[in-house]
Amino acid sequence: MKKIVILISMCSLLVGLNACREQVQAPEEFQWVVDRFDDVKVLRYQVPGFDELPLQDKLLVYYLNQAALCGRDIIFDQNCRYNLPIRRTLEAIYENYQGDRESADWKAFEKYLKKVWFANGIHHHYSMDKFHPEFSEAYFDSLVAVTPASELPQDYGTAEELMAAIKPVIFDPTVMPVRVNQSAGVDMLSSSAMNYYEGVTQREAETFYDRMMKPGDPQPISYGLNSKLVKENGKVTEKVWKIGGMYSPAIEKIVYWLTKAAEVANPTQRQTIESLITYYKTGDLKEFDTYNIHWVQDTVSHVDFVNGFIETYGDPLGYKASWEGLVNFRNDEATKRTEIISSEAQWFEDHSPIDPRYRKKEVKGVSAKVITAAILAGDCYPATPIGINLPNADWIRKDFGSKSVTIENITNAYDEAAKGNGFREEFVLRAEDRERMDQYGALGDNLHTDLHECLGHGSGQLAPGTRGDELKNYGSTLEEARADLFALYYLGDQKLIELGIIPSLDVAYAEYASYIMNGLMTQLARIQPGKNVEEAHMRNRKLIAEWCYERGKADNVIEMVKQNGKTYVVVNDFDKLRTLFGELLREIQRIKSEGDFEAGQALVETYAVKVDPTLHAEVLDRYGKLGIEPYAGFINPVYHPVMENGQIVDIQIEYPTDYVGQMMEYSKKYSFLPSKN
Ligand code: ZN
């Protein structure tokens with residue numbers, strides 16, 4: 001259950017690394033931004049502390065990194081079944097083209113390929129809309145014509161047959177226009193381009209899983225999580241992602257590296273990794289639960305990882321999980337902050353402004369830490385969350401707790417890259433708000449993530465008889481809103497001052513002002529003109545901001561101020577705003593606890609979806625003038641084993657600056673699936 005960074009905005013002035021190599025003492029200017037195209041900036045992140053890790057931890061990180069990188073093709077195929085043949089065709093052209101690489105057509109082609117890499121497919125990673133190439137079909141034909149046919153993917157037959165399959169998908173805007181469509185009143189499966197279902201209707205899929213679920217099962221498996229649902233010979237059936245099943249060639253490589261990792265892991269972690277291997281071998285979701293229970297109980301190991309089919313945002317029905325990988329190690333200094341918060345978890349739960357019946361009587365094992373990411377992979381790459389809370393199964397969270405992380409080297413990279421980009425000067429009206437944001441913005445953001453992940457998702461309980469999947473396509477948005485509201489509510493609590501976590505409530509006010517401004521206005525920079533808000537985290541922020549705006553109107557809690565033809569969002573009353581956060585939290589917790597689909601649907605459809613076109617146009621215009629790309633992602637460091645007498649004696653880290661180079665390298669070294677799966 002990720003929280004994706006709220007606003008990404010960076011400086012374009014940073015330049016390359018010019019410092020002379022000999023001058024080791026000179027403060028080096030680290031190049032944070034390595035590429036820019038379309039609405040995206042590509043950054044680097046640093047991995048402080050890696051060099052100081054003991055060799056065994058370095059080896060563990062290294063093997064887990066390899067395991068993470070091996071799953072890249074899976075997410076491409078999951079996002080759309082034409083992504084792999086399209087990516088490989090584009091790459092074959094890119095590698096072999098001998099013509100003019102400076103022409104406008106070629107630049108447009110290159111931009112399209114960069115976007116496809118960034119989104120792990122042909123649909124925007126965030127808006128889910130299909131990309132429209134800015135080059136013609138005729139130009140594409142001319143590129144294919146000069147590419148050796150042997151370099152093109154072979155699984156579709158001849159080059160002509162391949163083109164017949166992929167060209168409509170690339171060029172016809174009516175073919176597979178949206179990756180995940182959660183609009184009310186349509187068949188969400190046939191109208192979504194994602195590859196989790198084929199030949200089954202929404203009703204068939206829902207019936208299939210409804211039948212599978214056993215009412216009253218205290219330990220339900222995550223039905224449907226690791227399979228594609230298809231119709232074969234008229235029968236609805238699952239193609240399970242496992243060794244010997246779908247995606248086997250990639251999963252075999254993942255398991256190979258996990259096996260290596262298990263050899264250097266401590267006994268606790270070895271058990272965890274081995275249970276993951278068993279799950280990958282069998283595809284048995286009970287084994288996945290076993291793995292999760294091992295994983296969540298290990299709060300001691302310094303190195304940690306996520307590797308598997310985890311998050312369900314890519315499935316309009318919320319059953320099927322995208323593949324992702326993340327390897328990390330604990331940032332011990334910053335973790336002191338989250339340890340204080342998690343040690344008070346019961347206090348926060350007991351004082352939560354929700355119906356007491358829906359409070360957790362006993363909060364179990366909330367473990368929270370601040371981590372340093374060492375590699376991002378699958379659905380976490382190049383765009384990545386800044387916080388993660390797992391596992392997702394409600395009963396495991398209830399019985400065994402959850403692990404929650406804030407990824408601080410990633411947020412740090414965002415902050416560094418955003419310095420001096422003019423965003424606050426343009427959008428924040430009052431000097432006092434700007435000053436608070438300058439002083440406390442980073443702390444407020446990090447604490448919000450801590451509270452959202454560590455306590456928010458883990459709080460509350462379901463009413464007896466509620467299964468947890470009643471909210472269907474509104475579930476993700478409402479769950480993110482619940483976690484955000486919990487975080488916002490407690491960010492403004494005196495308790496945080498008492499605990500020594502914040503110096504004053506100015507930290508909360510900085511976060512409140514930027515959160516509301518973002519939810520009501522600036523996040524619209526991420527939406528194409530004429531489109532609605534679709535992505536769950538964006539919907540959640542809009543829901544909270546719009547609801548509080550409307551409920552606080554009589555008291556002028558939030559004001560839309562017009563000045564010199566520009567719109568500004570101003571919070572006039574932070575205390576009342578906090579009260580409103582508490583009220584909405586209470587209602588959304590009730591909706592979740594009771595599985596009240598109608599109320600959840602009404603909230604989301606009323607406040608979270610529709611965009612005011614006038615305000616939207618204004619935001620896009622002001623953003624455009626600043627030259628800020630609304631999205632960012634990362635390239636990974638590279639880890640080199642240092643060999644001596646056939647043994648790895650050290651792992652050295654390198655920070656490359658070549659986005660295209662990394663993508664091409666990954667496509668060569670870590671590509672194991674056929675183009676047709
Ligand atoms: Zn979340």
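Sequential numbering from 1 along the given sequence is applied to the chain's residues.
- In this model, a donor atom of one side chain and an acceptor atom of the other lie less than 3.5 Å apart for D484 and N540.
- Remark: R87 qualifies as a cation-pi partner of F76 under the 6.0 Å distance and 45° angle criteria applied to the six-membered ring.
- Side chains of S248 and E252: a donor-acceptor N/O pair is present below 3.5 angstrom, by distance only.
- Atom CD1 of residue I635 and atom CZ of residue F118 lie 11.5 Å apart, to the nearest 0.5 angstrom.
- When each of V175, T89, I86 is checked for a side chain to side chain contact (heavy atoms under 4.5 Å, CB included) with I170, only I86 meets the rule.
- For the atom pair Y197 OH and S192 OG, the distance stands at 9.5 Å (nearest 0.5 Å).
- For the residue pair D129 and Q528, no side-chain donor N or O sits within less than 3.5 Å of a side-chain acceptor on the partner.
- The closest side-chain donor-acceptor pair between T201 and D187, if any, does not fall under 3.5 angstrom.
- Counted within 6.0 Å of NZ on K167, heavy atoms from surrounding residues, nucleotides or ligands total more than 12; the atom is thus considered enclosed.
- A donor-acceptor contact under 3.5 angstrom links the side chains of D77 and N195, judged on distance only.
- Checked for salt-bridge contact, R467 and D469 meet the test: a charged N lies under 4.0 Å from a carboxylate O.
- Geometrically, K228 does not engage W241 in a cation-pi contact defined by less than 6.0 Å to the ring centre and at most 45° from the axis.
- Judged purely by distance below 3.5 Å, without hydrogens or angles, the side chains of N181 and S183 pair a donor atom with an acceptor atom.
- Under the 3.5 Å distance criterion, the side-chain polar atoms of W295 are matched with a main-chain donor or acceptor of F305.
- With 3.5 Å as the limit, one finds a donor-acceptor pair spanning the side chains of E480 and H452.
- No hydrogens or angles considered: nothing links the side chains of Y291 and N307 as a donor-acceptor pair under 3.5 Å.
- Between Y139 and F135, the ring planes lie perpendicular to each other; the angle is over 60°, past the 30° to 60° tilted range.
- Side-chain rings of Y112 and H132 stay apart, their centers remaining 6.0 Å or farther from each other.
- The aromatic ring centres of Y639 and Y62 sit 6.0 Å or more apart.
- Side-chain contact, E534 with Y126: no donor N or O sits under 3.5 Å from an acceptor N or O.
- Both the sub-6.0 Å distance and the 45° axial angle are not jointly satisfied by R72 relative to the ring of Y381.
- Using modelled atom types, one finds a donor on one side chain and an acceptor on the other under 3.5 Å when comparing N636 with Y45.
- Both the sub-6.0 Å distance and the 45° axial angle are not jointly satisfied by K242 relative to the ring of Y247.
- Classification of D35 and K114 as a salt-bridged pair holds, one side-chain N sitting under 4.0 Å from a carboxylate O.
- Side-chain contact of E311 with W323: a donor-acceptor pair under 3.5 Å is absent, judged by distance alone.
- With hydrogens and angles left out, the side-chain atoms of N677 and R81 include no donor and acceptor closer than 3.5 Å.
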### Message
Between T158 and E161, does the side chain to side chain donor-acceptor pair (under 3.5 Å) criterion hold? Intermediate values first, please.
### Response
CA-CA 5 Å; T158 64; E161 286 164 325; 3.2 Å; yes
